[in-house]
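Have a look at the structure below before the remarks.
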Amino acid sequence: MIQTNRTLDCEGLACPMPVVRTKKAIDEMNAGEVLEVRATDKGSVADLQSWANRIGHQYIGLKEEGGIFHHFLRKSAENEIKLETRHPNIISNEELNRKLAVGGNFKVLDVREPAEYSFNRIPGAMSIPMGELEGKLDLLSKDEEYLVVCRTGTRSDVACQLLSARGYSKVTNVVPGMSVWEGPVERDEQPTGR
């Protein structure tokens, strides 16, 4: 049993809210204290671990019970915390829509979870969930240009930073992402129930 100092309920919240609420909660804690974050969003598995590692807090681990993800994070000392950075190359939804209409030599990389991708995606977008990205880099050519999309621009920002750190020089974050995308979409055929 992991001893925690505080529990944060993020059940029912989607990206970026588990990370936003975790940031606020951990800011209110003392160095060395442990926070348990309970979330139902599968994307929180990659999001919280990536955020903690980027900032310098210790991601202790994860337990899943009954569809609830229990994340455990330890707050680092002030001198161990890094300044949060954003990927410098961004494009708006509108700019991406214009690029899609004109065409060109680029790929749209969707880093959302498979269910999100299945129900609503940019036509032709390649799906690699953020939690699987590092293990699937061999699927991506360093010579290609990638426009990276997620639900709100948060997870795609982390993906862009990861790709840049691994030598991919042509990566751009699409903001604000699929939550307000007004361009063309496709979806998997869904069976009709009776």
Side-chain angles (χ1 to χ4, degrees), residues 1-90 109-117 128-137 140 148-168 171-179:
M1 189 72 171
I2 298 173
Q3 291 290 345
T4 60
N5 301 93
R6 183 169 176 186
T7 300
L8 178 64
D9 182 2
C10 293
E11 294 175 38
L13 300 178
C15 175
M17 291 313 297
V19 172
V20 169
R21 294 192 62 200
T22 298
K23 286 180 192 179
K24 184 176 181 340
I26 221 160
D27 282 348
E28 298 167 353
M29 296 173 67
N30 296 315
E33 290 185 331
V34 175
L35 173 67
E36 176 186 358
V37 180
R38 295 178 182 171
T40 50
D41 179 15
K42 188 174 182 196
S44 70
V45 174
D47 295 346
L48 286 170
Q49 187 170 7
S50 296
W51 173 79
N53 291 335
R54 266 195 352 253
I55 299 303
H57 297 300
Q58 181 186 3
Y59 186 88
I60 298 169
L62 168 72
K63 289 190 327 188
E64 181 183 0
E65 295 174 338
I68 298 173
F69 300 99
H70 300 263
H71 302 272
F72 298 91
L73 299 95
R74 178 176 286 117
K75 182 173 180 172
S76 293
E78 203 62 42
N79 63 341
E80 298 172 313
I81 297 173
K82 304 170 202 163
L83 187 61
E84 189 166 9
T85 60
R86 295 264 178 223
H87 184 70
N89 302 332
I90 62 168
L109 175 61
D110 192 322
V111 295
R112 296 175 301 154
E113 291 300 310
E116 295 172 288
Y117 177 84
I128 303 180
M130 180 61 213
E132 300 173 16
L133 184 60
E134 193 158 17
K136 294 188 174 182
L137 291 178
L140 305 174
V148 187
V149 67
C150 71
R151 194 175 88 75
T152 63
T154 302
R155 200 174 305 169
S156 53
D157 181 83
V158 173
C160 286
Q161 291 186 52
L162 170 69
L163 290 168
S164 293
R166 298 297 188 273
Y168 294 81
V171 293
T172 303
N173 186 18
V174 179
V175 290
M178 295 304 292
S179 62

Show the nearest heavy-atom pair for residues [X] and [Y], with the distance to one decimal.
X: Leu62; Y: Val45; answer: CD2-CG1, 3.9 Å
X: Cys150; Y: Gly153; answer: SG-N, 3.1 Å
X: Arg155; Y: Gly43; answer: NH2-CA, 3.7 Å
X: Val111; Y: Ala159; answer: CG1-CB, 3.9 Å
X: Thr152; Y: Ser179; answer: CG2-OG, 4.2 Å
X: His57; Y: Ile26; answer: NE2-CG2, 3.8 Å

Without swapping roles, check the side chain of [X] against the backbone of [Y] for a donor-acceptor pair under 3.5 Å.
X: His87; Y: Val171; answer: yes
X: Ser50; Y: Asp47; answer: no
X: Tyr168; Y: Leu140; answer: yes
X: Thr40; Y: Gly12; answer: yes

For the atom pair [atom1] ([X]) and [atom2] ([Y]), what is the distance rounded to the nearest 0.5 Å?
X: Leu163; Y: Ser156; atom1: CG; atom2: OG; value: 11.0 Å
X: Glu33; Y: Gln3; atom1: CD; atom2: CD; value: 12.5 Å
X: Met130; Y: Arg112; atom1: CE; atom2: CZ; value: 15.0 Å
X: Phe72; Y: Ile60; atom1: CZ; atom2: CD1; value: 8.0 Å
X: His71; Y: Trp51; atom1: NE2; atom2: CH2; value: 12.0 Å
X: Leu162; Y: Asn53; atom1: CG; atom2: CG; value: 11.0 Å

For the residue pair [X] and [Y], establish whether any side-chain heavy-atom pair is separated by less than 4.5 Å.
X: Gln161; Y: Thr85; answer: yes
X: Leu48; Y: Thr22; answer: yes
X: Cys10; Y: Ser44; answer: no
X: Thr4; Y: Leu35; answer: no
X: Leu109; Y: Val149; answer: no
X: Arg38; Y: Leu8; answer: no

Any ion pair linking Asp157 and Arg86 (charged N to carboxylate O, less than 4.0 Å)?
-> yes

State whether Glu80 and Lys75 are salt-bridged, where the test is any N-O pair (Lys NZ or Arg NE/NH1/NH2 against Asp/Glu carboxylate O) under 4.0 Å.
-> no

His70/Glu36 under side chain to side chain donor-acceptor pair (under 3.5 Å): CA gap, chis, key distance, verdict | CA-CA 6 Å; His70 300 263; Glu36 176 186 358; 2.7 Å; yes

Give the C-alpha distance, both sets of side-chain angles, the deciding distance and a yes or no for salt bridge (charged side-chain N to carboxylate O under 4.0 Å, His left out) between Lys42 and Glu116.
-> CA-CA 10 Å; Lys42 188 174 182 196; Glu116 295 172 288; over 6 Å; no

Side chain to side chain contact (heavy atoms under 4.5 Å, CB included) partner of Asn173, the single match among Asn89, Ile90, Thr154 = Ile90

State whether the number of non-hydrogen atoms from other residues, nucleotides or ligands found under 6.0 Å of Glu28 atom CD is greater than 12.
-> yes

Under the side chain to side chain contact (heavy atoms under 4.5 Å, CB included) rule, what do Glu84 and Lys82 come out as? Steps first, then yes or no, please.
-> CA-CA 6 Å; Glu84 189 166 9; Lys82 304 170 202 163; over 6 Å; no

Walk me through it: do Gln58 and Leu73 pass the test side chain to side chain contact (heavy atoms under 4.5 Å, CB included)?
-> CA-CA 6 Å; Gln58 181 186 3; Leu73 299 95; over 6 Å; no

